[in-house]
Amino acid sequence: MTQRLLVVEDEDHLAAGLKLNLELEGYEVDVAGTAREASEKLVQPEGYDALVLDVMLPDLDGFELCQRLRKAGHFVPVIMLTARSSAEDRVRGLEAGADDYMVKPFSLDELLARVRSMLRRREWEAQNGEHESATLSFGQVVVDFDTHEVSVGGEPRKLTQLELDLLRYFAENAGRVVSRDELLQKVWKLRNYSQTRTVDNFLSRLRRHFEPDPKAPIHFLSVRGAGYKFLPDP
Ligand code: CA
């Protein structure tokens, strides 16, 4: 299937040049001249496989747009283009949730190579994800992440999607201390967001579901000043 890209760039000649060259590579390419137009296109049902996003836009800068997309739960791969090369901007771009970053003027070949590799990485991750073991058992608990079936001591339990996502992240990181910020980023997909109470509330919910005694947890441990640790076999 043809991969669809959205180029967000207000300078017409640059946008047209990028569109042409990406089309020559076999992609289907749309152009948006403003952040507003980009946002409108991004909610269309066809969707895009990747975004080439210029930082300098007339209405909203690319950092801000990228950050808003991530906060809204939009995880299309983003490569940012900027005229500024400072390390600070690079960090800002990556913190805003961009996957890659290029400084203008850049070589077209390099951009094409990076777009290709970004898309390949996504494909690989998607395929790899399907082959992961999708069940978890600890104590009296059995979880099937594919069917969302959860049981405790043979009794079925109903978990919300977010509870399952959180549980899965803990399972993938069993034995390691994970901070509240990391959980907000990886499970809630929120960056620079300090609602750590949210995490604590969800931990209480997991404990109520799964701990033999929620007041004296043995699986979902608090690590003072650091975060939480999941122990399947305490
Ligand atoms: Ca621009």
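Small disclaimer: the values here were computed from a predicted structure and weren't measured.
- Between Leu42 and Leu6 the shortest side-chain heavy-atom distance falls below 4.5 Å.
- The NZ atom of Lys186 lies 15.0 Å from the CZ atom of Arg168; values are rounded to the nearest 0.5 Å.
- Side-chain atoms of Tyr48 and Asp30 include a donor-acceptor pair closer than 3.5 Å.
- To the nearest 0.5 Å, atoms CD (Gln185) and CZ (Arg70) are separated by 12.5 Å.
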TODO: Let me see the working for Leu111 and Val115 under side chain to side chain contact (heavy atoms under 4.5 Å, CB included), right down to the final yes or no.
DONE: CA-CA 6 Å; Leu111 176 70; Val115 167; 4.2 Å; yes

Task: Chi angles and distances behind the salt bridge (charged side-chain N to carboxylate O under 4.0 Å, His left out) call for Asp144, Arg157 - done: CA-CA 12 Å; Asp144 185 324; Arg157 287 289 166 97; over 6 Å; no

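- Using a 4.5 Å cut-off on side-chain heavy atoms (C-beta onward), His148 and Leu164 make contact.
- Tracing side-chain contacts under 4.5 Å through hydrophobic residues (I, L, V, M, F, W, Y), one never reaches Leu69 starting from Val7; they form parts of separate clusters.
- Side-chain heavy atoms closer than 4.5 Å link hydrophobic residues (I, L, V, M, F, W, Y) into clusters, and following such links, possibly through other members, connects Leu184 to Leu162.
- One hydrophobic cluster holds both Leu108 and Leu81 under the rule that ILVMFWY side chains link at heavy-atom gaps under 4.5 Å.
- At least one side-chain heavy atom of Leu183 sits under 4.5 Å from a side-chain heavy atom of Leu166.
- The 12-atom threshold is not exceeded at CG of Asp12, counting heavy atoms of other residues, nucleotides or ligands nearer than 6.0 Å.
- A continuous path of hydrophobic side-chain contacts links Val78 to Val8 [ILVMFWY only; heavy atoms under 4.5 Å].
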- [ ] For ring-ring contact (aromatic ring centres under 6.0 Å, His included), just list the numbers for Tyr169 and Trp188, CA-CA rounded to whole Å, side-chain angles, deciding distance to a tenth of an Å, and then say yes or no.
- [x] CA-CA 11 Å; Tyr169 193 76; Trp188 277 262; 10.0 Å; no

Open item on the list: Let's go through Asp54 and Lys104 carefully: what are the C-alpha distance in whole Å and the side-chain angles of both, what is the deciding distance for side chain to side chain contact (heavy atoms under 4.5 Å, CB included) to 0.1 Å, and is it a yes or a no?
Closed with: CA-CA 10 Å; Asp54 189 44; Lys104 285 177 173 177; 2.9 Å; yes

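- Closest approach of Ala50 and Met118 over heavy atoms only: CB-CE, 3.9 Å.
- Take Glu23 and apply the side-chain contact (heavy atoms from CB on, under 4.5 Å) test, not counting sequence neighbours, and it matches Lys19, Val29.
- Within the model, atoms CD of Gln3 and CG of Leu119 stand 4.5 Å from one another, a figure rounded to the nearest 0.5 Å.
- Within a 6.0 Å sphere centred on CZ of Arg176, heavy atoms belonging to other residues, nucleotides or ligands number more than 12.
- Here the CZ-CG distance, from Phe63 to Leu53, works out to 9.5 Å after rounding to the nearest 0.5 Å.
- Taken to the nearest 0.5 Å, the CG atom of Leu203 stands 11.5 Å off from the CZ atom of Arg205.
- Between Asp99 and Ile79 the shortest side-chain heavy-atom distance does not fall below 4.5 Å.
- Counting heavy atoms from C-beta outward, Val55 and Met80 have side chains that approach closer than 4.5 Å.
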Please list, one pair per line, the donor and acceptor atoms closer than 3.5 Å that link side chains of residues 219-231 to other protein atoms, with sequence neighbours excluded.
unit_1	atom_1	unit_2	atom_2	d
His219	ND1	Leu231	O	2.8
Ser222	OG	Arg207	NH2	2.9
Tyr228	OH	Asp200	OD1	2.6

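- Between Gly33 and Leu57, the closest heavy-atom pair is O-CD2, 4.2 Å.
- Within the model, atoms CG of Leu60 and SG of Cys66 stand 11.0 Å from one another, a figure rounded to the nearest 0.5 Å.
- No donor-acceptor pair closer than 3.5 Å links the side chain of Glu110 to the backbone N or O of Ser107.
- There is no path of hydrophobic side-chain contacts, each under 4.5 Å, that joins Val142 to Phe138.
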Task: Working for side chain to side chain contact (heavy atoms under 4.5 Å, CB included), residues Ser39 and Leu65 - done: CA-CA 8 Å; Ser39 308; Leu65 176 60; 3.7 Å; yes

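- Taking the side chain as every heavy atom from C-beta outward, Val52 and Met102 never approach each other to under 4.5 Å.
- Closest approach of Arg114 and Tyr101 over heavy atoms only: NH1-O, 2.9 Å.
- For the pair Asp59 (side chain) and Ala35 (backbone), a donor-acceptor distance under 3.5 Å is present.
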Open item on the list: Set out, in order, the CA-CA distance, both residues' side-chain angles and the distance that settles side chain to side chain contact (heavy atoms under 4.5 Å, CB included) for Ile218 and Glu211, then state yes or no.
Closed with: CA-CA 7 Å; Ile218 54 171; Glu211 290 286 359; 3.4 Å; yes

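- The backbone N or O of Glu11 lies less than 3.5 Å from a partner atom in the side chain of Glu9, making a donor-acceptor pair.
- Under a 3.5 Å cut-off, the side chain of Asp49 and the backbone N or O of Arg4 do form a donor-acceptor pair.
- By the 4.5 Å heavy-atom criterion applied to side chains, Glu172 and Val178 are not counted as neighbours.
- The side-chain contact (heavy atoms from CB on, under 4.5 Å) search around Glu37 returns Ala32, Thr34, Lys41, not counting sequence neighbours.
- Two residues are said to be in side-chain contact when any heavy atoms from C-beta on lie closer than 4.5 Å; Leu136 and Phe145 meet this criterion.
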